[in-house]
Amino acid sequence: MALAATGRFSGTRRRFASANRSIDRLGEQALFFARAIAWAPRAVTRYPKETLRLIAEISMGTGALAVIGGTVVIVGFLTLFTGGTIAVQGYSSLGNIGVEALTGFFAAFINVRIAAPVIAGIGLAATIGAGSTAQLGAMRVSEEIDALETMAIPSIPYLVSTRVMAGMIAIVPLYALAVIASFIASRFATVVLYDQSAGVYDHYFSTFLIPTDILWSFAQAIVMAIAIMLIHTYYGFTASGGPVGVGVAVGNAVRSSLIAVVTVTLLISLAIYGGSGNFNLSG
(Lines give C-alpha, C1' and ligand atoms only; values in the text may rest on other atoms or scores of the structure.)
Protein backbone atom coordinates (compact mmCIF):
# COMPACT_ATOMS: atom_id res chain seq x y z
CA MET A 1 0.00 0.00 0.00
CA ALA A 2 2.81 2.38 0.93
CA LEU A 3 4.66 1.50 -2.27
CA ALA A 4 1.55 2.17 -4.32
CA ALA A 5 1.05 5.56 -2.69
CA THR A 6 4.71 6.36 -3.21
CA GLY A 7 4.54 5.55 -6.90
CA ARG A 8 1.23 7.34 -7.29
CA PHE A 9 2.37 10.67 -5.82
CA SER A 10 5.99 10.66 -6.95
CA GLY A 11 5.33 13.31 -9.63
CA THR A 12 3.73 15.64 -7.08
CA ARG A 13 6.65 15.21 -4.70
CA ARG A 14 9.11 15.98 -7.50
CA ARG A 15 7.23 19.18 -8.32
CA PHE A 16 7.23 20.22 -4.68
CA ALA A 17 10.94 19.42 -4.40
CA SER A 18 11.66 21.48 -7.50
CA ALA A 19 9.65 24.40 -6.11
CA ASN A 20 11.52 24.16 -2.80
CA ARG A 21 14.87 24.21 -4.59
CA SER A 22 13.79 27.28 -6.56
CA ILE A 23 12.79 29.08 -3.36
CA ASP A 24 16.09 28.09 -1.75
CA ARG A 25 18.01 29.50 -4.72
CA LEU A 26 16.08 32.76 -4.52
CA GLY A 27 16.88 33.03 -0.83
CA GLU A 28 20.53 32.24 -1.50
CA GLN A 29 20.68 34.92 -4.19
CA ALA A 30 19.00 37.50 -1.96
CA LEU A 31 21.48 36.79 0.83
CA PHE A 32 24.40 37.02 -1.59
CA PHE A 33 23.13 40.34 -2.99
CA ALA A 34 22.59 41.76 0.50
CA ARG A 35 26.12 40.81 1.61
CA ALA A 36 27.67 42.23 -1.56
CA ILE A 37 25.84 45.56 -1.20
CA ALA A 38 26.52 45.79 2.54
CA TRP A 39 30.24 45.31 1.92
CA ALA A 40 30.42 47.72 -1.03
CA PRO A 41 31.36 50.97 0.80
CA ARG A 42 33.97 49.21 2.91
CA ALA A 43 35.36 47.36 -0.10
CA VAL A 44 36.13 50.65 -1.86
CA THR A 45 38.12 51.98 1.08
CA ARG A 46 39.74 48.64 1.90
CA TYR A 47 40.66 47.64 -1.66
CA PRO A 48 41.03 50.94 -3.57
CA LYS A 49 43.65 49.63 -6.01
CA GLU A 50 41.50 46.66 -6.98
CA THR A 51 38.49 48.93 -7.44
CA LEU A 52 40.45 51.32 -9.69
CA ARG A 53 41.78 48.38 -11.70
CA LEU A 54 38.26 47.09 -12.23
CA ILE A 55 36.98 50.53 -13.26
CA ALA A 56 39.71 50.72 -15.90
CA GLU A 57 38.95 47.16 -17.01
CA ILE A 58 35.23 47.90 -17.32
CA SER A 59 35.79 51.11 -19.26
CA MET A 60 38.69 50.30 -21.56
CA GLY A 61 38.84 46.51 -21.46
CA THR A 62 41.80 44.17 -21.16
CA GLY A 63 43.55 41.82 -23.53
CA ALA A 64 41.95 41.50 -26.95
CA LEU A 65 38.98 43.62 -25.89
CA ALA A 66 41.27 46.58 -25.18
CA VAL A 67 42.17 46.74 -28.88
CA ILE A 68 38.74 48.17 -29.69
CA GLY A 69 38.32 50.17 -26.50
CA GLY A 70 36.32 47.81 -24.32
CA THR A 71 32.89 48.74 -23.07
CA VAL A 72 33.30 52.42 -23.99
CA VAL A 73 33.47 51.76 -27.72
CA ILE A 74 30.94 48.93 -27.67
CA VAL A 75 28.29 50.92 -25.81
CA GLY A 76 29.09 53.99 -27.91
CA PHE A 77 28.60 52.15 -31.19
CA LEU A 78 25.46 50.40 -30.00
CA THR A 79 23.76 53.63 -28.96
CA LEU A 80 25.09 55.46 -32.02
CA PHE A 81 23.40 53.08 -34.42
CA THR A 82 20.32 52.85 -32.22
CA GLY A 83 19.92 56.62 -32.32
CA GLY A 84 20.26 56.56 -36.10
CA THR A 85 17.67 53.80 -36.38
CA ILE A 86 15.23 55.74 -34.21
CA ALA A 87 15.64 58.78 -36.46
CA VAL A 88 15.16 56.76 -39.64
CA GLN A 89 12.10 54.93 -38.37
CA GLY A 90 10.68 58.04 -36.75
CA TYR A 91 11.07 60.22 -39.85
CA SER A 92 9.57 57.55 -42.11
CA SER A 93 6.65 56.75 -39.80
CA LEU A 94 5.82 60.36 -38.98
CA GLY A 95 6.19 61.29 -42.64
CA ASN A 96 3.34 58.93 -43.49
CA ILE A 97 0.95 61.23 -41.62
CA GLY A 98 2.67 64.47 -42.62
CA VAL A 99 4.30 65.36 -39.29
CA GLU A 100 7.94 64.43 -39.96
CA ALA A 101 8.90 67.71 -38.28
CA LEU A 102 8.28 65.93 -34.97
CA THR A 103 11.28 63.64 -35.49
CA GLY A 104 13.15 65.79 -32.97
CA PHE A 105 10.49 64.96 -30.39
CA PHE A 106 10.82 61.28 -31.26
CA ALA A 107 14.59 61.37 -30.67
CA ALA A 108 14.39 63.34 -27.42
CA PHE A 109 11.65 61.14 -26.01
CA ILE A 110 12.69 57.61 -26.97
CA ASN A 111 16.48 57.96 -26.71
CA VAL A 112 16.40 59.25 -23.13
CA ARG A 113 13.57 57.18 -21.70
CA ILE A 114 13.96 53.83 -23.45
CA ALA A 115 16.65 53.29 -26.06
CA ALA A 116 19.81 54.60 -24.41
CA PRO A 117 19.23 52.95 -20.98
CA VAL A 118 18.27 49.59 -22.45
CA ILE A 119 21.09 49.49 -25.01
CA ALA A 120 23.65 50.60 -22.43
CA GLY A 121 22.43 47.87 -20.07
CA ILE A 122 22.65 45.24 -22.80
CA GLY A 123 26.15 46.39 -23.72
CA LEU A 124 27.25 46.24 -20.10
CA ALA A 125 25.79 42.76 -19.66
CA ALA A 126 27.36 41.45 -22.86
CA THR A 127 30.85 42.81 -22.11
CA ILE A 128 31.95 43.30 -18.53
CA GLY A 129 29.02 41.34 -17.06
CA ALA A 130 29.80 38.18 -19.01
CA GLY A 131 33.50 38.75 -18.42
CA SER A 132 33.00 38.97 -14.66
CA THR A 133 31.02 35.73 -14.64
CA ALA A 134 33.75 33.96 -16.62
CA GLN A 135 36.51 35.35 -14.40
CA LEU A 136 34.88 34.43 -11.12
CA GLY A 137 33.72 31.09 -12.49
CA ALA A 138 37.26 30.20 -13.56
CA MET A 139 38.51 31.20 -10.13
CA ARG A 140 35.86 29.07 -8.47
CA VAL A 141 36.50 25.89 -10.45
CA SER A 142 40.28 26.28 -10.07
CA GLU A 143 39.84 26.78 -6.29
CA GLU A 144 41.39 30.26 -6.34
CA ILE A 145 38.47 31.64 -4.32
CA ASP A 146 39.03 28.96 -1.71
CA ALA A 147 42.70 29.94 -1.63
CA LEU A 148 41.75 33.55 -0.91
CA GLU A 149 39.61 32.40 1.99
CA THR A 150 42.49 30.38 3.44
CA MET A 151 44.63 33.56 3.34
CA ALA A 152 41.97 35.38 5.43
CA ILE A 153 40.90 37.54 2.46
CA PRO A 154 37.08 37.78 2.42
CA SER A 155 36.09 36.68 -1.05
CA ILE A 156 32.77 38.51 -1.41
CA PRO A 157 34.12 41.99 -0.56
CA TYR A 158 37.31 41.54 -2.57
CA LEU A 159 35.84 39.87 -5.65
CA VAL A 160 32.17 40.86 -5.71
CA SER A 161 31.65 44.16 -3.89
CA THR A 162 34.57 45.80 -5.68
CA ARG A 163 33.09 44.78 -9.04
CA VAL A 164 29.66 46.10 -8.09
CA MET A 165 31.10 49.46 -7.06
CA ALA A 166 33.31 49.61 -10.15
CA GLY A 167 30.32 48.98 -12.38
CA MET A 168 28.24 51.62 -10.60
CA ILE A 169 31.02 54.23 -10.91
CA ALA A 170 31.99 53.40 -14.49
CA ILE A 171 28.44 53.48 -15.81
CA VAL A 172 28.13 57.25 -15.28
CA PRO A 173 30.68 58.35 -17.94
CA LEU A 174 29.79 55.36 -20.09
CA TYR A 175 26.14 56.30 -20.07
CA ALA A 176 26.92 59.95 -20.73
CA LEU A 177 28.78 58.81 -23.84
CA ALA A 178 25.84 56.60 -24.82
CA VAL A 179 23.29 59.42 -24.55
CA ILE A 180 25.49 61.86 -26.49
CA ALA A 181 26.10 59.27 -29.22
CA SER A 182 22.37 58.61 -29.59
CA PHE A 183 21.64 62.35 -29.84
CA ILE A 184 24.35 62.91 -32.46
CA ALA A 185 23.22 59.95 -34.56
CA SER A 186 19.56 61.00 -34.47
CA ARG A 187 20.37 64.57 -35.55
CA PHE A 188 22.78 63.43 -38.25
CA ALA A 189 20.28 61.00 -39.76
CA THR A 190 17.43 63.52 -39.71
CA VAL A 191 19.24 66.69 -40.80
CA VAL A 192 21.93 65.29 -43.12
CA LEU A 193 20.39 62.13 -44.56
CA TYR A 194 16.76 63.28 -44.75
CA ASP A 195 17.59 66.96 -45.31
CA GLN A 196 15.25 68.26 -42.65
CA SER A 197 15.81 71.83 -41.48
CA ALA A 198 18.25 71.90 -38.57
CA GLY A 199 16.19 74.65 -36.93
CA VAL A 200 13.01 72.58 -37.05
CA TYR A 201 14.75 69.52 -35.61
CA ASP A 202 16.49 71.48 -32.86
CA HIS A 203 13.25 73.27 -31.92
CA TYR A 204 11.24 70.11 -31.29
CA PHE A 205 14.21 68.31 -29.80
CA SER A 206 14.90 71.02 -27.22
CA THR A 207 11.19 71.48 -26.52
CA PHE A 208 10.62 67.86 -25.53
CA LEU A 209 14.02 67.16 -23.95
CA ILE A 210 13.24 67.56 -20.26
CA PRO A 211 16.35 67.90 -18.00
CA THR A 212 14.76 65.83 -15.23
CA ASP A 213 14.26 63.00 -17.73
CA ILE A 214 18.01 62.89 -18.26
CA LEU A 215 18.64 62.72 -14.52
CA TRP A 216 16.12 59.90 -14.12
CA SER A 217 17.72 58.18 -17.10
CA PHE A 218 21.11 58.26 -15.35
CA ALA A 219 19.53 56.91 -12.17
CA GLN A 220 17.97 54.10 -14.21
CA ALA A 221 21.35 53.27 -15.77
CA ILE A 222 22.99 53.12 -12.33
CA VAL A 223 20.30 50.77 -10.99
CA MET A 224 20.69 48.55 -14.06
CA ALA A 225 24.48 48.48 -13.64
CA ILE A 226 24.14 47.38 -10.00
CA ALA A 227 21.61 44.69 -10.91
CA ILE A 228 23.74 43.42 -13.80
CA MET A 229 26.92 43.23 -11.73
CA LEU A 230 25.15 41.49 -8.85
CA ILE A 231 23.61 38.89 -11.14
CA HIS A 232 26.80 38.17 -13.06
CA THR A 233 29.04 37.99 -10.00
CA TYR A 234 26.58 35.65 -8.29
CA TYR A 235 26.55 33.16 -11.16
CA GLY A 236 30.32 33.34 -11.49
CA PHE A 237 30.91 33.03 -7.75
CA THR A 238 28.67 29.95 -7.47
CA ALA A 239 29.78 28.25 -10.71
CA SER A 240 30.62 24.55 -10.56
CA GLY A 241 31.32 21.66 -12.88
CA GLY A 242 34.58 22.72 -14.50
CA PRO A 243 34.84 24.71 -17.74
CA VAL A 244 31.43 23.47 -18.90
CA GLY A 245 29.87 24.77 -15.70
CA VAL A 246 31.49 28.17 -16.24
CA GLY A 247 29.97 28.35 -19.72
CA VAL A 248 26.56 27.43 -18.34
CA ALA A 249 26.92 30.08 -15.64
CA VAL A 250 27.74 32.76 -18.24
CA GLY A 251 24.68 31.83 -20.28
CA ASN A 252 22.39 31.85 -17.25
CA ALA A 253 23.81 35.19 -16.08
CA VAL A 254 23.34 36.86 -19.46
CA ARG A 255 19.74 35.68 -19.70
CA SER A 256 18.95 36.82 -16.17
CA SER A 257 20.63 40.21 -16.63
CA LEU A 258 18.75 40.90 -19.87
CA ILE A 259 15.49 40.19 -18.05
CA ALA A 260 16.65 42.50 -15.25
CA VAL A 261 17.42 45.31 -17.72
CA VAL A 262 13.93 45.19 -19.24
CA THR A 263 12.28 44.81 -15.82
CA VAL A 264 14.13 47.80 -14.35
CA THR A 265 13.20 49.89 -17.39
CA LEU A 266 9.53 48.94 -17.05
CA LEU A 267 9.29 49.52 -13.30
CA ILE A 268 11.17 52.83 -13.29
CA SER A 269 9.18 54.09 -16.28
CA LEU A 270 5.89 53.28 -14.57
CA ALA A 271 7.08 54.75 -11.26
CA ILE A 272 8.35 58.03 -12.76
CA TYR A 273 6.25 58.69 -15.85
CA GLY A 274 3.12 56.69 -15.13
CA GLY A 275 0.92 55.17 -17.78
CA SER A 276 0.46 58.42 -19.73
CA GLY A 277 4.16 59.11 -20.33
CA ASN A 278 3.93 62.46 -18.46
CA PHE A 279 3.69 64.64 -21.58
CA ASN A 280 1.00 66.29 -23.67
CA LEU A 281 1.74 66.38 -27.39
CA SER A 282 -1.26 68.58 -28.21
CA GLY A 283 0.08 71.39 -26.04
Side chain of T150, backbone of A147: donor and acceptor closer than 3.5 Å? yes
Counting only heavy atoms not in F205, do more than 12 sit closer than 6.0 Å to its CZ atom? yes
List in chain and number order the residues that pass ring pair (Phe, Tyr, Trp, His ring centres under 6.0 Å) with Y91, two or more places apart in sequence or in another chain; answer none if no residue qualifies. Y194
Quick check for you: to the nearest 0.5 Å, what is the distance between R113 atom CZ and I210 atom CD1? 5.5 Å
Smallest heavy-atom separation, M229 atom then G167 atom, equals CG-CA, 4.2 Å
Can you sort out the partners of T238 under side chain to side chain contact (heavy atoms under 4.5 Å, CB included), two or more places apart, ordered by chain and number? E28, Y234
Rounding to 0.5 Å, atoms CG (L258) and CD1 (I228) come to a distance of 8.0 Å
Among residues two or more places apart or on two chains, list those pairs meeting side chain to side chain donor-acceptor pair (under 3.5 Å) that have a residue in residues 161-173. Q135-R163
Kindly give the heavy-atom pair with the smallest separation between T51 and A43, and that separation in Å. OG1-O, 4.1 Å
Nearest non-hydrogen partners of A36 and L230, listed with the distance: CB-CD2, 3.8 Å
Does any N or O in the side chain of S93 come within less than 3.5 Å of the main-chain N or O of G90, such that one atom is a donor and the other an acceptor? no
Among pairs that include at least one residue of residues 120-130, which meet salt bridge (charged side-chain N to carboxylate O under 4.0 Å, His left out), considering only residues two or more places apart or in two chains? none
For E144, the side chain to side chain contact (heavy atoms under 4.5 Å, CB included) test, sequence neighbours excluded, returns M139, S142
Hey, can you pull the donor-acceptor pairs under 3.5 Å for the side chains in residues 216-227, sequence neighbours left out?
unit_1, atom_1, unit_2, atom_2, d
S217, OG, V112, O, 2.9
S217, OG, Y175, OH, 2.1
Q220, NE2, T265, OG1, 3.1

Got a sec, which pairs hit side chain to side chain donor-acceptor pair (under 3.5 Å) with one end in residues 98-109, sequence neighbours left out? none
Listed by chain and number, what are the side chain to side chain contact (heavy atoms under 4.5 Å, CB included) partners of I259, not counting sequence neighbours? T263
For side-chain contact (heavy atoms from CB on, under 4.5 Å), just list the numbers for S186 and Y201, CA-CA rounded to whole Å, side-chain angles, deciding distance to a tenth of an Å, and then say yes or no. CA-CA 10 Å; S186 296; Y201 178 88; 3.4 Å; yes
Cluster overlap I171 with M165, hydrophobic side-chain contacts below 4.5 Å: yes
Please collect all salt bridge (charged side-chain N to carboxylate O under 4.0 Å, His left out) contacts where either partner lies in residues 190-211, sequence neighbours excluded, each pair once. R187-D202
Counting only N and O atoms by type, is there a donor-acceptor contact under 3.5 Å from the side chain of R140 to the main-chain atoms of A239? no
Could you tell me which residues satisfy side chain to side chain contact (heavy atoms under 4.5 Å, CB included) with T133, sequence neighbours excluded, listed by chain and number? H232, Y235, A249, V250, A253
ILVMFWY clustering at 4.5 Å (side-chain atoms), partners of I180: I184
Stepwise side-chain contact (heavy atoms from CB on, under 4.5 Å) check, T82 with I86: CA-CA 6 Å; T82 301; I86 289 173; 4.1 Å; yes
Walk me through whether T190 and Q196 qualify under side-chain hydrogen bond (donor to acceptor under 3.5 Å, both in side chains). CA-CA 6 Å; T190 306; Q196 185 182 89; 5.6 Å; no
For F105 and L94, run side-chain contact (heavy atoms from CB on, under 4.5 Å): C-alpha distance rounded to whole Å, both residues' side-chain angles, the deciding distance at 0.1 Å, then the answer. CA-CA 11 Å; F105 149 74; L94 295 174; 5.6 Å; no
To the nearest 0.5 Å, what is the distance between CG on N252 and CZ on R255? 4.5 Å
Are any of the side-chain heavy atoms of F237 and I156 separated by less than 4.5 Å? yes
Chi angles and distances behind the side-chain contact (heavy atoms from CB on, under 4.5 Å) call for V246, V141: CA-CA 8 Å; V246 175; V141 299; 3.9 Å; yes
Under 3.5 Å donor-acceptor, S182 side chain and V179 backbone: yes
Hphob cluster co-occupancy, L177 + V172, side-chain heavy atoms under 4.5 angstrom: yes
Would a hydrophobic clustering, with Ile, Leu, Val, Met, Phe, Trp and Tyr connected at side-chain separations under 4.5 Å, put F109 with L215? no
What residues form a ring pair (Phe, Tyr, Trp, His ring centres under 6.0 Å) with Y158, not counting sequence neighbours? Y47
Taking atom CD1 of I153 and atom CD1 of I145, what is their separation to the nearest 0.5 Å? 12.5 Å
When rounded to the nearest 0.5 angstrom, what is the spacing between CD1 in I231 and CZ in F33? 5.5 Å
same_hphob_cluster(V200, V88) at 4.5 Å side-chain heavy-atom cutoff: no
Do the side chains of F208 and V99 join up, straight or via other hydrophobic residues, at under 4.5 Å, putting them in one cluster? yes
Beyond-backbone contact of L159 with T233, side-chain heavy atoms, under 4.5 angstrom: no
From CG (L174) to CD1 (I169), nearest 0.5 Å: 12.0 Å
